[in-house]
Amino acid sequence: MQQIKSPDRPPDWLTDRAATLRHLAGFAARMGPDYAQGRNSDLGPGAPAAVSRLSPALRHRLVTEAEVVGTALAAQGAEPASKFIEEVFWRSYWKGFLQLRPALWEDYRQGLAEDLALAARDAGLRARLAAAEAGATGIAAFDAWAAELRDHGWLHNHARMWFASIWVFTLRLPWRLGADLFLRQLRDGDAASNTLSWRWVAGLHTPGKVYVARAENIARFTGGRFNPAGQLAEDAAPPPPEPLPPPRPLPPAGPLAGRLPPGPLALLLHEDDLHPESLLPPGVRIAAIAGLASPRARSPLGCAALVERHVQACLADGLGRAAARFGVAAQPLAAAAVPGWAAAHGLPVVMAEPPMGWNPAATLLPGAILLRRDWDAACWPAATRGFFAFRERIPAWLRELAPSPPSA
Ligand SMILES: Cc1cc2nc3c(=O)[nH]c(=O)nc-3n(C[C@H](O)[C@H](O)[C@H](O)COP(=O)(O)OP(=O)(O)OC[C@H]3O[C@@H](n4cnc5c(N)ncnc54)[C@H](O)[C@@H]3O)c2cc1C
């Protein structure tokens, strides 16, 4: 196993931009070979890690993908930072893949409702689910990850892969109920990355390919903390292939540099994009600001209290910066109050385009102006096939988008 040299981690989970930028700057030195060599190891909560733990901030765009990749390029250069940069593009790939195929999210929600109804009827399934969620399966590694997820609201990528694989193939639980558990408990819970990663593990993304968690791999990359030899179903067969919905053309949304109506506008800031400073072109006059976060809409079962606190804290930080930037009071609103807020000021409303998922922002205000970031406009349409085809385009995107580190 590779030596992990970097003991520091965010002092606490990142819920504001200032702390995120400090952490990003500190991590920049480790975005090159340290990351490439150590990123697969998960030595446990509180232990040194080679990964950034930026996801609870990046997912809400307290910092943007462009800023994170720009930091990696400036600190390390494209080749040494290529592994790290590629991982950030995995996020854009999943977002684009779901954006092009909204039916996958709708099918997930529909299937989840059916799985929850089945669990309500079937006491045996309910008991097995409760044991998995509580970390009482008798598989020490899985039980420790269930506890870590509940207590910290975060898991290392490799642990997420092992957990999902054991959930599906060893515990033989419905994948959507596992995806739902993650969404309720992850600070970085994201409709695209989560749903599509679970589908990938379960063999529904790449025909004929499942992700199998193996005891030897777990022992190796947990530094020997766990070794579930003999406890895992390591012979999982791929499920029958299910055709993927064909990609749709992206609906139109204004690019950032596009023309906005003259005169004052109202800004709806929401949990999917909390960097209004780079969302709006210079010179735009914002005369009203409201904030919307709906973490309980992640699941029919709501979300964990720590997730709710995390998301609301991120939103509060975004609103504070928006108020300072545009010189207008900014307040969080419940979803039901948003149409009334828009009607009361009567101004055209602008917002970042809400990606597929539970965010109700666009449906609450069907006439709002949606702004698509250049990053998303470049990447999303390319998520038509597998990641390896998408990845080929990274060098061209780096030239075209010219990402740079945060300026403030
Ligand atoms: C079953 C499963 C569920 C997942 N659910 C989510 C989720 O709900 N939200 C979420 O943000 N990520 C999810 N991921 C992806 C990944 O595990 C996390 O983004 C990553 O662990 C975050 O840790 P980090 O910030 O230290 O990542 P780093 O390794 O430091 O990577 C930097 C950034 O790149 C992005 N990234 C890295 N790996 C991936 C990946 N495999 N897929 C997508 N983006 C990636 C993240 O934004 C991350 O912050 C899931 C993965 C699996 C296998």
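The analysis underlying the following values was restricted to heavy atoms, covering all of them including side chains, and did not include hydrogens, waters or symmetry mates. Residues: numbered from 1 along the sequence shown. Remember, it's 1-based here, ligands and their atoms both numbered in the order they're listed.
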Inset, instruction - For ligand 1, find out whether one of its N or O atoms is nearer than 3.5 Å to an N or O atom of Phe182. - result: no
Inset, instruction - Would you tell me which option among Leu58, Leu196, Leu54 has the nearest heavy-atom contact to atom 33 (C) of ligand 1? - result: Leu58
Inset, instruction - Of the side chain and backbone of Phe163, name the one, both, or neither that has a heavy atom under 4.0 Å from an atom of ligand 1. - result: neither
Inset, instruction - Verify whether one side chain among Ser278 and His275 offers a donor that lies under 3.5 Å from an acceptor in the other. - result: yes
Legend entry - Contact check: Arg59 vs ligand 1, nitrogen or oxygen atoms, below 3.5 angstrom: no
Inset, instruction - Answer yes or no: does atom CZ of Arg126 have more than 12 heavy-atom neighbours from other residues, nucleotides or ligands under 6.0 Å? - result: yes
Legend entry - Thr137 versus Asp143, side-chain donor and acceptor atoms under 3.5 Å: yes
Inset, instruction - Go through the side-chain N and O atoms of Asn194 and Trp94 and say whether any donor and acceptor fall under 3.5 Å apart. - result: no
Legend entry - Among Asp180, Val201, Leu204, Asp115, the one residue meeting side chain to side chain contact (heavy atoms under 4.5 Å, CB included) with Trp175: Leu204
Legend entry - Trp200 heavy atom under 4.0 Å from ligand 1: no
Inset, instruction - Using distance alone, decide if ligand 1 has a nitrogen or oxygen within less than 3.5 Å of any nitrogen or oxygen in His156. - result: no
Legend entry - Any donor-acceptor N or O pair under 3.5 Å, side chains Glu106, Gln110: no
Inset, instruction - Would you kindly say whether His270 and Asn359 are connected by a side-chain donor-acceptor distance under 3.5 Å? - result: yes
Legend entry - Test of proximity, Asn194 against ligand 1: N or O pairs below 3.5 Å: yes
Inset, instruction - Measure Leu186 to ligand 1 on non-hydrogen atoms and call it side chain, backbone, both or neither using the 4.0 Å cut-off. - result: side chain
Inset, instruction - Within a distance under 4.0 Å of any heavy atom of Met161, pick out the atoms of ligand 1 and give their elements. - result: 53 (C)
Inset, instruction - Answer with yes or no whether Tyr211 contacts ligand 1, where contact means a heavy atom under 4.0 Å from a ligand atom. - result: no
Inset, instruction - Could you verify whether a donor N or O on one side chain and an acceptor N or O on the other, from Trp380 and Ser92, lie under 3.5 Å apart? - result: no
Inset, instruction - Could you list the atoms of ligand 1 found under 4.0 angstrom from a heavy atom of Trp94? - result: 42 (N), 43 (C)
Legend entry - Check: Trp105/Thr195 side-chain N/O donor and acceptor closer than 3.5 Å: no
Inset, instruction - Pick whichever of Gly178, Ser193, Ala202, Ser52 has a heavy atom sitting closest to atom 12 (N) of ligand 1. - result: Ser193
Inset, instruction - Return the option from Lys95, Arg91, Arg53, Arg160 holding the heavy atom at the smallest distance from atom 43 (C) of ligand 1. - result: Arg91
Inset, instruction - Decide whether the shortest distance between a heavy atom of Trp154 and an atom of ligand 1 is less than 4.0 Å. - result: yes
Inset, instruction - Compare Asn40, Val168, Asn157 and give the one whose heavy atom is closest to atom 21 (O) of ligand 1. - result: Asn157
Legend entry - Element-labelled atoms of ligand 1 that are located less than 4.0 Å from some non-hydrogen atom of Trp90: 40 (C), 42 (N), 43 (C)
Inset, instruction - State whether Trp154 and Arg160 meet the cation-pi test: NZ (Lys) or CZ (Arg) under 6.0 Å from the six-membered ring centroid, and within 45° of the perpendicular axis. - result: yes
Inset, instruction - Heavy-atom contacts with Gly189 under 4.0 Å: which atoms of ligand 1 show up? List them by number with element. - result: 8 (O)
